[in-house]
Amino acid sequence: MEAVVASAPGKVLLTGGYLILERPNAGLVLSTNARFFAIVKPLYQPLKPDSWAWGWTDVKLTSPQLGRESIYKLSLKNLSLDYVSSGDSRNPFVEQAVQYCVAAARATVDKKNKDSLEKLLLHGFDITILGSNDFYSYRNQIEARGLPLTPDALAALPPFASITFNDEGSNVKNCKPEVAKTGLGSSAAMTTAVVAALLHYLGVVDLSSTFKDHQHEKYTADLDLVHVIAQTAHCIAQGKVGSGFDVSSAVYGSQRYVRFSPEVISSAQVAVTGTPLQEVVPQILKGKWDHDRTKFSLPPLMTLLLGEPGTGGSSTPSMVGAVKKWQKSDPQKSLETWKKLSEANSSLEMQLNTLSKLAAEHWEEYKSLINSCSILKSEKWTQQVTTPNQEVIVKALLGARDAMLGIRYHMHQMGEAAGVPIEPESQTKLLDATMSMEGVLLVGVPGAGGFDAVFAVTLGDAGSHVSNSWSSFNVLALLVREDPQGVSLENADPRTKAITSSISSITKRVCTLVLRLMAAAATLLAAIVMVTSHQRTSIFGVSFEVKYNHTPAFQYFVIANAIATVYGFLVLFLPSESQLWRLVVALDVV
């Protein structure tokens with residue numbers, strides 16, 4: 001039995017913070033290249049002779065980044081999951097995912113495959129979870145190495161590095177979680193990856209299909225099943241029914257999202273009180289999941305950037321709770337604020353859709369204008385217009401900026417009224433400074449806001465300038481970019497890919513080192529030979545001795561080789577993350 005590896009992306013909620021909790025408010029959510037991986041394989045192989053008499057099976061959960069390993073006993077009768085490890089390292093999201101996936105498998109399996117499923121369950125589950133580094137804060141590790149807060153320094157960390165914890169632990173008053181996160185929705189991505197891997201492993205879905213095959217409808221139905229189980233497991237693990245945009249984007253990718261009616265999960269909430277999962281899951285699968293999702297992504301030539309300010313992250317449930325409390329205490333003011341916020345959200349959505357349409361219809365004019373605006377501040381964009389179509393494009397760009405400023409204003413007002421830092425003062429200063437940079441279209445605090453991260457949407461190649469500028473604000477630019485792909489089946493353990501990549505990188509470095517050593521040795525030997533060499537001759541009985549310092553050409557040759565030797569040895573000790581490598585490349589050409 002081969003291992004199954006599935007991955008799901010993290011998210012950035014561009015618009016819809018707080019409003020998305022209530023239908024029919026919509027939110028624009030972007031999936032990212034930061035992914036959570038789940039690896040599922042049999043725990044026991046081969047089976048023991050007496051395994052058929054067992055009334056339970058074992059589940060092992062490993063989280064290398066946390067240095068934790070948990071063992072559970074899964075009842076094959078009522079699917080209850082008992083934690084049997086010493087210590088407290090439970091993971092409620094994976095626990096619920098296991099129970100609901102097994103229940104879904106039993107509810108959907110054909111009679112002819114029932115025995116195969118039960119035999120598969122007796123093998124137990126060996127589950128490993130891994131999250132991309134961008135889900136967590138690694139500022140402390142980078143600073144401990146004495147490296148600058150740059151994307152290059154972040155990229156130099158080993159894949160799936162150990163997770164940094166907040167020193168003060170979980171702090172409800174300051175809205176800080178135990179683990180320092182960047183707000184990409186790690187729990188939703190993790191739950192979705194585990195559900196997808198388990199359902200594929202159990203034969204409930206087939207995620208190896210692609211949208212290009214003839215099984216498009218089957219693939220979509222399988223994604224829908226992953227979505228239903230992942231949403232349910234995630235809500236039960238959280239202890240509340242959230243909007244679900246994070247799970248939806250983890251399954252389907254970037255989208256415009258309107259939440260499902262919370263009542264669809266009411267049967268699952270009843271299961272918490274003792275109703276058997278075998279009775280609950282069929283109701284959930286047949287329930288009316290009325291969420292609405294429409295394909296959405298950023299217009300062409302626009303880049304999503306995320307910056308981590310290093311304040312330890314925020315606790316979204318705490319902030320949402322405070323906002324809901326404010327709504328109840330001041331319904332009139334909150335309704336007025338939400339209406340204005342909804343209008344600003346709709347305006348931004350309209351402008352971005354307009355830009356995507358204009359790019360498709362007038363690509364050359366769009367491309368030329370975006371590239372021109374990418375090196376200029378927004379007040380100079382209108383000066384780049386040369387055609388009527390470009391005038392419409394600039395109008396949409398500036399309209400998007402104005403809409404985002406409105407969103408930020410109303411979110412800030414909401415935070416002050418509710419007493420939570422939706423856009424803290426430190427974030428406001430950073431966002432205002434970023435908004436004034438060349439080529440910046442949008443900035444904001446994603447989702448529920450707080451201290452998790454800030455985002456920027458830049459034009460053309462302006463992203464590199466913004467990332468470098470953030471470093472001067474003590475902000476670490478993450479490696480996150482928009483990736484519209486949702487959940488997917490992987491062909492190998494991501495750590496294997498990382499090792500292969502590391503070996504390739506090491507091989508490259510060794511080859512570079514050898515070549516530079518050879519070059520340095522050659523120039524050093526040339527200088528030594530020239531300095532130590534001399535020639536004697538006699539003409540008409542007169543003796544002459546010739547040395548290198550007797551001619552300017554030979555002196556220049558010795559000096560040039562000496563400089564090249566020193567340069568070659570100095571480069572050997574230059575850190576790979578140093579910005580000086582750009583100068584080295586230029587000097588190598590010289």
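- Residues passing the salt bridge (Lys or Arg N to Asp or Glu O under 4.0 Å) test with Glu379, sequence neighbours excluded: none.
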Step-by-step side chain to side chain contact (heavy atoms under 4.5 Å, CB included) determination, Tyr136 to Ser186
CA-CA 9 Å; Tyr136 306 101; Ser186 56; 4.1 Å; yes
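- Among residues two or more places apart in sequence or in another chain, the ring pair (Phe, Tyr, Trp, His ring centres under 6.0 Å) test is passed with Phe93 by His234.
- Side chains of Leu304 and Arg481 form no contact here, defined as non-hydrogen atoms less than 4.5 Å apart.
- Pairs of residues two or more places apart, or lying in two chains, that qualify as side-chain hydrogen bond (donor to acceptor under 3.5 Å, both in side chains) and include a residue from residues 248-259 are Ser31-Ser254, Asp224-Tyr252, Ser248-Gln255, Ser254-Glu482, Arg256-Glu349.
- With hydrogens and angles ignored, the 3.5 Å screen pairs no side-chain donor or acceptor of Asp330 with any backbone N or O of Trp326.
- Considering only heavy atoms from C-beta on, Gln327 comes within 4.5 Å of Glu22 through its side chain.
- Take Phe455 and apply the ring pair (Phe, Tyr, Trp, His ring centres under 6.0 Å) test, not counting sequence neighbours, and it matches no residue.
- Legend: residues meeting side-chain contact (heavy atoms from CB on, under 4.5 Å) with Ala193, ordered by chain and number and at least two apart, are Ala8, Ala38.
- A side-chain contact (heavy atoms from CB on, under 4.5 Å) with Thr337 is found for exactly one of Lys333, Lys340, Lys339, namely Lys333.
- Using modelled atom types and a 3.5 Å distance limit, the side chains of Thr182 and Glu308 yield no donor-acceptor pair.
- A heavy-atom distance below 4.5 Å is found between the side chains of Met411 and Tyr18.
- For residues 403-418, the side-chain hydrogen bond (donor to acceptor under 3.5 Å, both in side chains) pairs, not counting sequence neighbours, are Arg408-Glu423, Arg408-Asp432, His412-Glu416.
- Taking 4.5 Å as the limit, some side-chain heavy atom of Lys324 sits within range of a side-chain heavy atom of Leu21.
- At least one side-chain heavy atom of Leu298 sits less than 4.5 Å from a side-chain heavy atom of Leu14.
- Contact annotation: the side chain of Leu19 approaches that of Trp338 to within less than 4.5 Å [non-hydrogen atoms, C-beta and beyond].
- At distances below 3.5 Å, not a single donor-acceptor pair connects side-chain atoms of Gln384 with backbone N or O atoms of Cys373.
- Atoms CZ and CZ, from Phe245 and Phe260 in turn, are 12.0 Å apart once rounded to the nearest 0.5 Å.
- With a 4.5 Å cut-off on side-chain heavy atoms, Pro9 and Asn33 do not count as touching.
- Residues Arg139 and Asn474 bring a donor and an acceptor atom of their side chains to less than 3.5 Å of each other.
- If you check the side chains of Trp470 and Thr434, you find a donor sitting under 3.5 Å from an acceptor.
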